[in-house]
Amino acid sequence: MVIPSHTQVAIIGAGPSGLLLGSLLAREGIDAVILEQRTPDYVLGRIRAGVLEQTTVELLERAGVADRLHREGLPHEGFDLCFGGARHRIDLKRLTRGKQVVVYGQTEVTRDLMDHRQGLGLPTVYEAEQVSLHGFDGTKPVVRYMHQGQPRELSCDFIAGCDGFHGASRASVPASALTQHERVYPFGWLGVLSRTPPVAHELIYSNHERGFALCSMRSHNLSRYYVQCSLQDQVEQWSDEAFWDELRVRLDPAAAQALVTGPSIEKSIAPLRSFVTEPMRFGRLFLAGDAAHIVPPTGAKGLNLAASDVHYLSSALIEHYRQGSDHGIEHYSARCLARVWKASRFSWWFTSLMHRFPQSELSGGAMGYRLQQAELEYLAQSEAAQTVMAENYVGLPF
Ligand code: FAS
Ligand code: PHB
């Protein structure tokens with residue numbers, strides 16, 4: 001592949017944000033080069049999100065990469081809340097007048113986007129090292145990087161920082177130009193992937209006095225489970241047997257009985273944080289996805305927020321190149337943040353409702369647990385409360 005030295009849009013990062021942006025721009029004939037620090041296999045090896053909002057599915061359809069998603073994705077019309085030893089279904093489809101979510105792993109979304117980009121022969125530079133961003137406060141930004149031991153330079157009109165929470169893009173912005181809001185949660189999620197049939201046909205979110213648990217899936221024979229764990233825990237100290245025992249304890253008796261266990265094919269601990277950067281645009285540099293914000297995974301919003309940022313950014317860039325208007329560019333940050341903050345609120349609320357907090361925290365200890373039980377009992381009885389939950393879970397409109 002001949003690596004271009006100039007393009008219209010330089011995209012940093014070949015995760016879902018960068019790949020989806022590249023696909024949407026390519027459909028409008030707008031050139032982009034993606035620079036990714038890792039190998040394709042490394043990117044695909046990260047086990048992350050599992051639930052797609054309807055708007056994310058529609059974006060993937062628009063990008064021309066939704067065929068396998070429609071063949072293999074699992075439409076879900078509801079999920080269960082488990083507390084007090086019983087399960088209560090939240091009927092998403094009825095409460096939102098027909099909306100639903102689709103269970104389809106982020107790994108598969110990324111694979112579909114990678115295959116699509118490769119099929120079109122579009123340039124992606126993997127193992128691009130020491131990426132640095134320059135001149136985005138002017139009109140001729142440049143990205144410099146090392147590839148196969150050689151220094152490279154990519155001049156462009158715009159830079160899309162799609163390089164995640166630890167990427168180079170947000171770090172390239174002077175600290176005085178941005179505000180970072182952060183809340184770190186005092187626990188993590190221990191996740192296991194196993195080639196076993198899911199314990200139920202829909203997701204189960206459990207609030208137990210020993211901690212949160214989640215039963216999810218990737219297909220009819222690939223299950224994804226999580227239990228809340230201490231931030232001091234090391235994944236090595238959790239045997240598969242210990243994980244399955246802890247998960248069973250945190251579920252209702254019927255689910256505990258039905259649980260099919262097996263060897264973990266992936267096991268990892270993820271910390272939880274809420275993080276938002278304001279603004280999300282700096283001259284000709286746009287931040288999108290985890291580069292700009294992180295939500296605790298409870299509400300299944302991370303990947304979906306990345307998709308909505310890409311919706312606004314692709315629309316703004318297409319408007320610039322096709323109509324000569326910068327209205328979308330000027331309003332990019334405000335449009336993204338209006339939706340980011342609402343999803344952050346929902347993810348914080350759902351995390352606060354479902355997890356055990358230490359005594360030292362406002363929602364912690366015995367009092368915090370009793371307040372959580374009261375809110376869950378109210379949710380189980382109130383159609384109004386369930387509707388609020390359902391509207392946020394399926395995703396608020398763009
Ligand atoms: P990503 O982090 O996915 O991609 C960024 C890409 O940029 C990576 O490929 C990285 O290698 C590359 N990069 C980084 N620095 C670079 C540099 N300097 N130069 C070039 N490339 C660089 N969301 C959910 O909805 N549900 C979940 O259950 C869930 N679980 C998660 C578990 C974990 C451990 C993590 C970290 C996140 C989880 N998320 C979850 C959120 C996750 O799905 C993100 O929202 C999603 O990956 C966002 O996609 P991107 O913005 O593309 O960022
Ligand atoms: C997942 O399947 O990984 C998943 C599903 C729903 C969530 C979080 C993670 O809220």
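Along the sequence shown, residues are numbered consecutively beginning with 1. Counting convention: from 1, in listed order, for ligands and their atoms alike. Everything numeric in this text was worked out from a predicted model, so none of it was measured.
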Atom indices of ligand 1, in the order listed, that fall short of 4.0 Å to a heavy atom of Q106
3 (O), 42 (C), 43 (O), 46 (C), 47 (O)
Rounded at 0.5 Å granularity, tell me how far OH in Y104 sits from CD in E72.
5.5 Å
Checking S230 against Q232 for the side chain to side chain donor-acceptor pair (under 3.5 Å) test, could you report, in this order, the C-alpha distance in whole Å, the side-chain angles of both residues, the deciding distance, and whether it holds?
CA-CA 5 Å; S230 162; Q232 282 64 53; 3.0 Å; yes
Do any N/O atoms on P16 end up under 3.5 angstrom from N/O atoms on ligand 1?
yes
Please find the pair of heavy atoms, one from S194 and one from W244, that lie closest to each other, and give the distance.
OG-CH2, 3.6 Å
Can you tell me how far CZ of F187 sits from SG of C229, rounded to the nearest 0.5 angstrom?
10.0 Å
Could an N or O of ligand 2 be found under 3.5 Å from any N or O of S216, whether backbone or side chain?
yes
Which of the numbered atoms in ligand 1 are below 4.0 angstrom from a heavy atom of A270?
34 (C)
Under the ring-ring contact (aromatic ring centres under 6.0 Å, His included) rule, what do H293 and F275 come out as? Steps first, then yes or no, please.
CA-CA 5 Å; H293 41 72; F275 176 85; 8.9 Å; no
Dump the intermediate steps for side-chain contact (heavy atoms from CB on, under 4.5 Å) on E391 and L95, then the final yes or no.
CA-CA 8 Å; E391 281 185 349; L95 293 163; over 6 Å; no
In terms of side-chain heavy atoms, does Q386 have a donor or acceptor partner in D91 at a distance below 3.5 Å?
no
So which of I34, L44, V310, D290 gets nearest to atom 48 (C) of ligand 1, if we judge by its closest heavy atom?
D290
For ligand 1, is any non-hydrogen atom under 4.0 Å from S17's backbone (N, CA, C, O), its side chain (CB onward), both, or neither?
both
Of the protein's non-hydrogen atoms, which lies at the shortest distance from atom 27 (C) of ligand 1, and what is that distance?
A49 CA, 3.4 Å
among protein heavy atoms, the one nearest atom 4 (O) of ligand 1 is G15 CA, 3.7 Å
Under 4.0 Å from any heavy atom of I12, which atoms of ligand 1 are there?
19 (N), 20 (C)
If we count only N and O atoms by modelled type, under 3.5 Å, do the side chains of D163 and S169 hold a donor and an acceptor together?
yes
Give the atom numbers and elements of ligand 2 that come within less than 4.0 Å of a heavy atom of V51.
5 (C), 6 (C)
Give the numbers and elements of all ligand 2 atoms closer than 4.0 Å to a heavy atom of R48.
3 (O)
Can you find a non-hydrogen atom of Y145 under 4.0 Å from ligand 1?
no
Which residue owns the protein heavy atom closest to atom 1 (P) of ligand 1, what's the atom, and how far is it?
R48 NH1, 3.4 Å
closest protein heavy atom to atom 14 (C) of ligand 1 is D163 O, 3.1 Å
Atom 3 (O) of ligand 2: which protein heavy atom is closest, and how many Å away?
Y226 OH, 2.6 Å
Heavy-atom contacts with A300 under 4.0 Å: which atoms of ligand 2 show up? List them by number with element.
6 (C), 7 (C), 10 (O)
I'd like to check whether Y393 has a polar contact with ligand 2, where a contact means an N/O of the residue lying under 3.5 Å from an N/O of the ligand.
no
So if I count the atoms of ligand 1 from 1 in the order they appear, which ones are less than 4.0 Å from some heavy atom of V131?
19 (N)
Would you mind telling me if ligand 2 is within reach of the side chain of T298, the backbone, both or neither, using heavy atoms under 4.0 Å?
backbone
Identity and distance of the protein heavy atom lying nearest atom 25 (O) of ligand 1
G302 N, 3.2 Å
What is the distance from atom OH of Y225 to atom OG of S264, rounded to the nearest 0.5 Å?
13.0 Å
ring-ring contact (aromatic ring centres under 6.0 Å, His included), paired with Y332, selected from Y312, F158, F282, F286:
F286
Hey, mind stepping through V57 and E53 against side-chain contact (heavy atoms from CB on, under 4.5 Å) and telling me if it holds?
CA-CA 6 Å; V57 172; E53 293 174 356; over 6 Å; no
Looking at CZ of R322 and OG of S315, how far apart are the two atoms once the value is rounded to the nearest 0.5 Å?
13.5 Å
Between the CG atom in D290 and the CG atom in L287, the distance rounded to the nearest 0.5 Å is 11.5 Å
ring-ring contact (aromatic ring centres under 6.0 Å, His included) between F83 and H88, worked out:
CA-CA 8 Å; F83 64 95; H88 307 265; 4.5 Å; yes
Atoms of ligand 1 under 4.0 Å from any heavy atom of A300, numbered from 1 in the order shown, are 25 (O)
Taking the six-membered ring for Trp, are H181 and W341 closer than 6.0 Å centroid to centroid?
yes
Per-atom contacts, ligand 2 versus L203 - under 4.0 Å to a heavy atom:
5 (C), 6 (C)
Heavy atom of the protein closest to atom 6 (C) of ligand 1 (residue, atom name, distance)
E36 OE1, 3.7 Å
Within 4.0 Å of some non-hydrogen atom of Y205, the atoms of ligand 2 are 6 (C), 7 (C), 10 (O)
Closer than 4.0 Å to some heavy atom of P297 - which atoms of ligand 2 meet that?
7 (C), 8 (C), 10 (O)
Nearest-0.5 Å distance that lies between atom CZ in R62 and atom OG1 in T55:
10.0 Å
Could you tell me whether W189 approaches ligand 1 through its side chain, its backbone, both or neither, with non-hydrogen atoms closer than 4.0 Å?
neither
Selected option - heavy-atom contact closest to atom 5 (C) of ligand 1, from G13, S268, C162, G167
C162
For residues T124 and R117, is any side-chain donor paired with an opposing acceptor at under 3.5 Å?
yes
Could you tell me whether the side chains of S219 and N221 share a donor-acceptor contact shorter than 3.5 Å?
yes
Decide whether the shortest distance between a heavy atom of A128 and an atom of ligand 1 is less than 4.0 Å.
no
The test is ring-ring contact (aromatic ring centres under 6.0 Å, His included); show your working for Y393 and F79 and say whether it passes.
CA-CA 10 Å; Y393 191 87; F79 63 82; 4.5 Å; yes
Report, in ascending order of atom number, the atoms of ligand 1 lying under 4.0 Å from any heavy atom of A168.
18 (N)
Is there a heavy atom of R46 sitting under 4.0 angstrom from any atom of ligand 1?
yes
Can you tell me the protein heavy atom closest to atom 20 (C) of ligand 1 and the distance?
Q37 N, 3.4 Å
Which atoms of ligand 1 are found less than 4.0 Å from any heavy atom of V43?
9 (O)
If we set the cut-off at 4.0 Å for heavy atoms, which region of R38 has an atom near ligand 1: side chain, backbone, both, or neither?
side chain
Go through it in stages, so that I can follow the logic: the residues are F350 and Y205, the test is ring-ring contact (aromatic ring centres under 6.0 Å, His included), and I'd like the CA-CA distance, side-chain angles, deciding distance and then a yes or no.
CA-CA 10 Å; F350 200 9; Y205 291 83; 4.9 Å; yes
Is L305 touching ligand 1 with its side chain, its backbone, both, or neither, if touching means heavy atoms under 4.0 Å apart?
neither
Here the atoms of ligand 1 under 4.0 Å from any heavy atom belonging to G289 are 51 (O)
